[in-house]
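See below for the structure under consideration.
When reading the values below, keep in mind they use all heavy atoms of this one structure, side chains included, and skip hydrogens, waters and symmetry mates. Lettering of chains follows the sequences in order, A, B, ..., and the numbering in each one begins at 1.
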Amino acid sequence: MSSLRQFKATDLFNFNAINLDSLTETYNISFYLSYLARWPDLFSVQCTPSETLMAYVMGKAEGTGLDWHGHVTAITVAPEYRRLGLAEGMMTLLEKVSEEPYDGYFVDLFVRRSNKVAIEMYKRFGYSIYRTVIEYYSGDTTEDAFDMRKPLKRDVDRQSVRENGETFRVEPHEVVF
Amino acid sequence: MASTPDLDKKLKPIYDVMEVGNYREGIQLCNKALKKQPDLHIAKALKALALERSGKMNEALLLCEELQWAKPTDESTLRTLSMVYRSAGKYEPMIKLYANASKANPMNENLATQWFMSLARMLDFKGQQMVALQLNKNFKKTNYMFWAIMSITLQGQNVPANQPNVMYRLAEGMMSKLNAEGKVQTIEELQLYLIVLLGQKDRYADALALLEGDIGKKTKAIENVELRHLRIELLIKTGRWQDARDATKQILQNVNSDDWRTIIQYFDTIFLPVQDADLKDSDNLAEARAFTTEQVQNETKNPKRGPFLAQIELEKRVQEKIGDNKAKMLDLLVAYVDKFGSKTCCFEDLSGYIANLCSEDASEFCQRLRENHGEKSGTVKEICIQINIVRFERFTGQHSKFSSTQSMALVNKFWKLYEDALPFGKDLEQTERQYGDDYSIMAAHLLIDIHKDTKSYFPLLSAVFILEHALDASKHNYQMKLVLIRVYELLGAFTCATGLYSTMGIKHVQHDTLSHFITDRASSFGLFDEALRQLYSAHEIYHSNEAETPEMILQAYKYSTFSKMQEFIEFQSRLENSLQKMIADREMIRLEFLKEDSVSRAVSWLQELEITNLKYDDQFAESRIDNRDTTVMLNWNPKDSPSVEALTRPASQLNRIWMTLFTLVPRILKHMAHLHPIDAEYEKLMAALEKLTTSDLSGALTEEEAKLAKILFHAAKAFQRLSVAIADHNSNSASKEEPAKTAAAVKEQLVAAGALLKRESVKSTGVLPWHTFHELTMTVETVAYLNVVNHCLQNLIATKAAKKATFKATGSVIQDFMAQCRQALQSVQTDITALRNVVRPDRIRSGLLYEICDGSAVDFIRSPSHQALIEEKTLKIGTSWMNSLINLQQESISRIV
């Protein structure tokens, strides 16, 4: 039971239950607000009846030609509210919005190669690995990312996905749209 | 000075060195260029930028000001100037500069746009309106009309809803004309139209017509989550019940069965059209029961919680409106736990409903949970259900009835359950929480209860050990950290609290909402530098707000995201007027003052103190916005009892009264430091301070803070008396006072202050709680203020009195008072010397540590395997105490005058 609605700038005052979790990074004001200023419908939140924030997803629309697509920049669920299907609800909405009004060919997201739980979850949602981005994550330990994609209605011929995507290896600079 | 190949060639080397951050060379190159061509604006602007980047803000701003006089019109100069002004947080000058340039080049679209943006940065809505209309006139783009309409709407947004709103009417007129011309085309433009309509009284039907009309269809408004929700809201408001109900059912059946706000709207369509008296036999109720049942039946694989809670919500409403529904409610609540009891959020889902039950029903609920689930903890699922049951038991007040001994038995039970749950989590990732973590947190909550009951600090120490141990297995559990931070503060161990806080990755906007956990009364631990460090790092968010949020407002214009404009402005305002910001400002002034340990430096610091922003009037105080997050901390206490967050505050939450006190203190002292004559302003400050000292402050200030207010009031009265007497004598006024009378009056005030300064020496019971440090720190701080007062009193006689000898008697009164201040500091030192003896590591080992372990009723403490941890943490607390004491001792020694 949760209300799925668009994220508001003032939600930033109430997102601590989510953002205090160590896996969720807190960014500066501009980061969140620049997404809201441009793609307000791709930034959604799930809240409890008392308006406690449980989870949010932020996304954008980018690319040109056949690469025009919705991108999941961040998706996160507070520890207390995991395994309730909240992520799925938010992903479904993001995919819908990427279709209408954005009319993209696919939705994509990057995930750490080691994050098996997440990869399995995205596969359940219909995503498949499109390519491996070599050492996409820097920091203490560098790690490869999987670029995972799910085709949308507009991609009639399913050109945005492929078998054995894992074996297509690219450098990080090649995935900038 | 338009860009020419020749000019570009001249500037390229400058841009090149600036780009790589070589600002020194940049400045040199600019100087060279300016030598050849003194009126080369861009070179001057770049020099200003290079100066700003190398930290020479003042010089940079001087150059900018010079340029302002020259009224530059070329875009690159203006852009560069704008960068300098922005980083200085000055937005005003750019308005004039762009206005000027745009008027000189009316057909330059970019300059006019920049003019609009410079106004938008300052939220000058009226100016925006004018420029947007001009943009539209000159460049014929509909988008500029929407900018104008947005600017007009923003001017009207603060008009109360029941009053005629000229601005909204104007905006509506422009909007409807654009719509008639078919120029309203995007969803954001439609949203702007809706804002304009719904900002006016009773325009629901018109807004609905718009949503359902051509433009709504064209933009597929109904596909947008927010507009879909709005449409149903409007259907309800206009009484189109069937349409509203169909729309909600369509969403719940086909899109999202879990969507709570749609479920609530569905119930609105059921309950609003029917009188309560007719509800029982109404078709509506029958339909709702059938629909919710059907929805529940549809949840088969991975069921969502929404439909099940909808049933509970329905029966709760029936109970409220008709009654006689308790048994059904209870059945549903119990069944919900049976189904979702293994989800952490089960407690939160139901707590609102449980809080509504009478106490018998609440007990029956818990009893039935026990009957169904016993004490089974053989699987992860069972453990989670057990934890939820325990939460409900606490929430329904079962723990409140316990004696300390019973509570202690429960602590031991929870600890055992925590340990038993550990093996189930051996394969969990490091970033995940252990399944039994909340047992350890609840054990801590019980120990906090016992502390409150018995006033003993040993339960708090036990809570530290248990949570620190559990944190080892769940390194990132921020809930444990929050409790630990508070308990460490209660225990007076500030560096233990800051150590943990620094591991929580609290940044950016969280500085506003969460820093109160570490900065509230942080000055009371005697660690002034550490407290200041915390305050300054949290304060960055307010600078970011000034620098970043206006740019984001511009982005929203750039992308025509009108639906977010008011939100962004509200966000900016909530940070700008944040109560926490104001509290931090005051606390920083206190601590900066305390850094000046010699009286003469303290006096000159006060003389230089900028007070234009140090407001304390009611309007200012009441318009502060409280963004502090106090709900993030777990709490299962009964709904009428204080939350764990409230229970673990070292003292009452900082508030507007506290803010007033710590605004008046520096302002009054500053007046004294200047030896200004007594004027209306001083009297106003004194009246405010007097009001504070005579009102009941028990809930707002600590005893020591209230004392400070009184002491300072007396001292400032003495200053007033002497200052007036000297002025009268100098002017030989008819009303001048006998010198002996002045001395007696000054003495009366100072004696009163001196009496309040006396305190009993601190007794150590092995633990040095927050209050011990607060008492000692406040004494040092009070004397630091009094030193300034004494200095100023003496200076009044020395520099202002025409005949110093007249005030000889007053002089010796001051001397006596100074002796009392010295005594106060000496007593602090005596206390500290005694305390330092107690907290030496060897003493802690043979004293406190022995007491902790000797005959403890806490199983955790008795276990041999925990002895190393207990010793380590106790010594760490001891080290924190020692740091505080050493610092405080230095602070008090340096203030003996």
Side-chain angles (χ1 to χ4, degrees), chain A residues 1-41 43-44 46-50 52 54 78-86 88-89 92-93 96-97 99-101 115 117, chain B residues 187-188 219-220 223-226 229 256 258-264 302 304-306 308-310 343-345 348-349 352 431-433 475-476 478 504-510 512-514 541 544-545 548-549 551-553 555-556 558-559 561 563-564 567-568 570-571 574 627 629 631-632:
Chain A
M1 151 282 302
S2 53
S3 296
L4 180 55
R5 59 163 174 79
Q6 281 184 14
F7 195 92
K8 292 187 290 210
T10 47
D11 285 331
L12 293 173
F13 293 112
N14 303 317
F15 71 170
N16 291 323
I18 304 170
N19 275 50
L20 279 175
D21 186 60
S22 63
L23 289 177
T24 305
E25 180 69 19
T26 301
Y27 298 97
N28 61 13
I29 296 172
S30 308
F31 181 71
Y32 301 106
L33 266 55
S34 60
Y35 272 77
L36 289 175
R38 200 159 171 190
W39 305 284
D41 44 3
F43 198 161
S44 320
Q46 300 257 28
C47 8
T48 67
S50 52
T52 302
M54 312 155 93
E80 288 86 346
Y81 308 109
R82 293 192 183 141
R83 289 179 276 270
L84 300 173
L86 296 183
E88 186 172 16
T92 309
L93 177 61
K96 248 191 94 211
V97 176
E99 268 176 352
E100 180 61 53
N115 193 348
V117 181
Chain B
I187 210 144
E188 284 292 335
T219 55
K220 300 198 178 160
E223 307 273 331
N224 179 290
V225 177
E226 294 309 308
H229 179 74
N256 184 357
D258 204 33
D259 196 36
W260 190 250
R261 59 178 188 170
T262 307
I263 292 173
I264 294 300
N302 295 327
K304 296 271 188 295
R305 292 130 62 234
F308 296 87
L309 274 164
K343 307 280 186 195
T344 311
C345 60
E348 198 186 341
D349 290 345
T431 48
E432 290 189 87
R433 293 179 181 179
K475 292 207 165 26
H476 298 286
Y478 66 81
M504 293 181 72
I506 288 168
K507 311 180 209 168
H508 304 300
V509 68
Q510 292 176 316
D512 185 47
T513 53
L514 292 172
I541 181 59
S544 310
N545 184 43
E548 294 177 34
T549 316
E551 301 312 305
M552 294 300 114
I553 291 171
Q555 292 263 312
K558 187 176 159 198
Y559 295 111
T561 308
S563 63
K564 292 283 155 186
E567 235 174 63
F568 282 16
E570 186 195 344
F571 174 80
R574 278 182 65 176
N627 300 322
D629 188 343
T631 58
V632 68

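- Among A:G89, A:A37, A:S34, the residue with the largest count of heavy-atom pairs under 4.5 Å with chain B is A:A37.
- Few gaps surround NZ on B:K475; more than 12 heavy atoms of other groups in view lie less than 6.0 Å from it.
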Show your working on side chain to side chain contact (heavy atoms under 4.5 Å, CB included) between A:F13 and B:F571 and close with a plain yes or no. CA-CA 9 Å; A:F13 293 112; B:F571 174 80; 3.6 Å; yes
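- Only the side chain of A:Y81 comes within contact range of chain B, judged by heavy atoms closer than 4.5 Å.
- For A:F7, the part lying near chain B is the backbone, with the side chain staying farther off; criterion is any non-hydrogen pair under 4.5 Å.
- In this structure, the side-chain hydrogen bond (donor to acceptor under 3.5 Å, both in side chains) partners of B:H229, at least two apart in sequence or on a different chain, are B:Q265.
- At distances below 3.5 Å, not a single donor-acceptor pair connects side-chain atoms of B:E567 with backbone N or O atoms of A:K8.
- With hydrogens and angles left out, the side-chain atoms of B:E548 and A:S30 include a donor and acceptor closer than 3.5 Å.
- Separating the CG atom in B:L514 from the CG atom in A:L20 is a distance of 5.5 Å, to the nearest 0.5 Å.
- In terms of heavy-atom pairs under 4.5 Å with chain B, the best-connected choice from A:P101, A:S22, A:S2 is A:S2.
- The line from OG1 of B:T344 to CZ of A:R83 is 8.0 Å long, rounded to the nearest 0.5 Å.
- Atom OG of residue A:S50 and atom CH2 of residue B:W260 lie 11.0 Å apart, to the nearest 0.5 angstrom.
- Interface check for chain A: of the options B:K304, B:E223, B:Q510, the most heavy-atom pairs under 4.5 Å are formed by B:Q510.
- Using a 4.5 Å cut-off between heavy atoms, A:S44 does not touch chain B at all.
- Between chain A and the options B:D259, B:I553, B:T219, heavy-atom pairs under 4.5 Å are most frequent for B:D259.
- Annotation: the span from B:N256 atom CG to A:Q46 atom CD amounts to 7.0 Å, rounded to 0.5 Å.
- Residues B:C345 and A:M54 have side chains not in contact (no heavy-atom distance under 4.5 Å, counting atoms from C-beta outward).
- If you measure heavy-atom distances from A:Y27 to chain B, the contacts under 4.5 Å come from the backbone alone.
- One distance of note links OG1 of B:T561 with CG of A:L36; it measures 9.0 Å at 0.5 Å rounding.
- A donor-acceptor pair is defined here as one N or O able to donate and one able to accept, closer than 3.5 Å; no such pair exists between the side chain of A:N28 and the backbone of B:H508.
- Using a 4.5 Å cut-off between heavy atoms, A:T48 touches chain B through its side chain atoms alone.
- The main-chain N or O of A:Q6 is found under 3.5 Å from a side-chain atom of B:E226 such that the two form a donor-acceptor pair.
- Contact of B:E188 with chain A is made through the side chain alone, with heavy-atom distances under 4.5 Å.
- Looking at A:E80 and B:E348, their side chains never come closer than 4.5 Å, going by heavy atoms from C-beta outward.
- Every residue meeting the side chain to side chain contact (heavy atoms under 4.5 Å, CB included) condition with B:K507, not counting sequence neighbours, appears here in chain and number order: A:E25.
- Counting heavy-atom pairs under 4.5 Å between each of B:K220, B:E570, B:Q555 and chain A puts B:K220 at the top.
- A donor-acceptor pair under 3.5 Å is formed between the side chain of B:Y478 and the backbone N or O of A:A17.
- B:I506 touches chain A through its side chain: at least one heavy atom from C-beta onward sits under 4.5 Å away, while N, CA, C and O do not.
- The part of B:D512 that comes within reach of chain A is its side chain, from C-beta onward, which places non-hydrogen atoms under 4.5 angstrom from that chain.
- For chain A, the nearby part of B:R433 is the side chain; its heavy atoms alone come within less than 4.5 Å.
- Here CG of A:L33 is found 9.0 Å from NZ of B:K564. Values are rounded to the nearest 0.5 Å.
- Side-chain contact between B:T631 and A:T52: absent, with no pair of heavy atoms (C-beta onward) separated by less than 4.5 Å.
- If you tally non-hydrogen atom pairs under 4.5 Å between each of B:K558, B:K343, B:M504 and chain A, the highest count goes to B:K343.
- For the side-chain contact (heavy atoms from CB on, under 4.5 Å) criterion with A:L12, the lone passing option out of B:V509, B:T513, B:N627 is B:V509.
- Looking only at heavy-atom pairs under 4.5 Å with chain B, the residue among A:I29, A:N19, A:T10 that has the most is A:I29.
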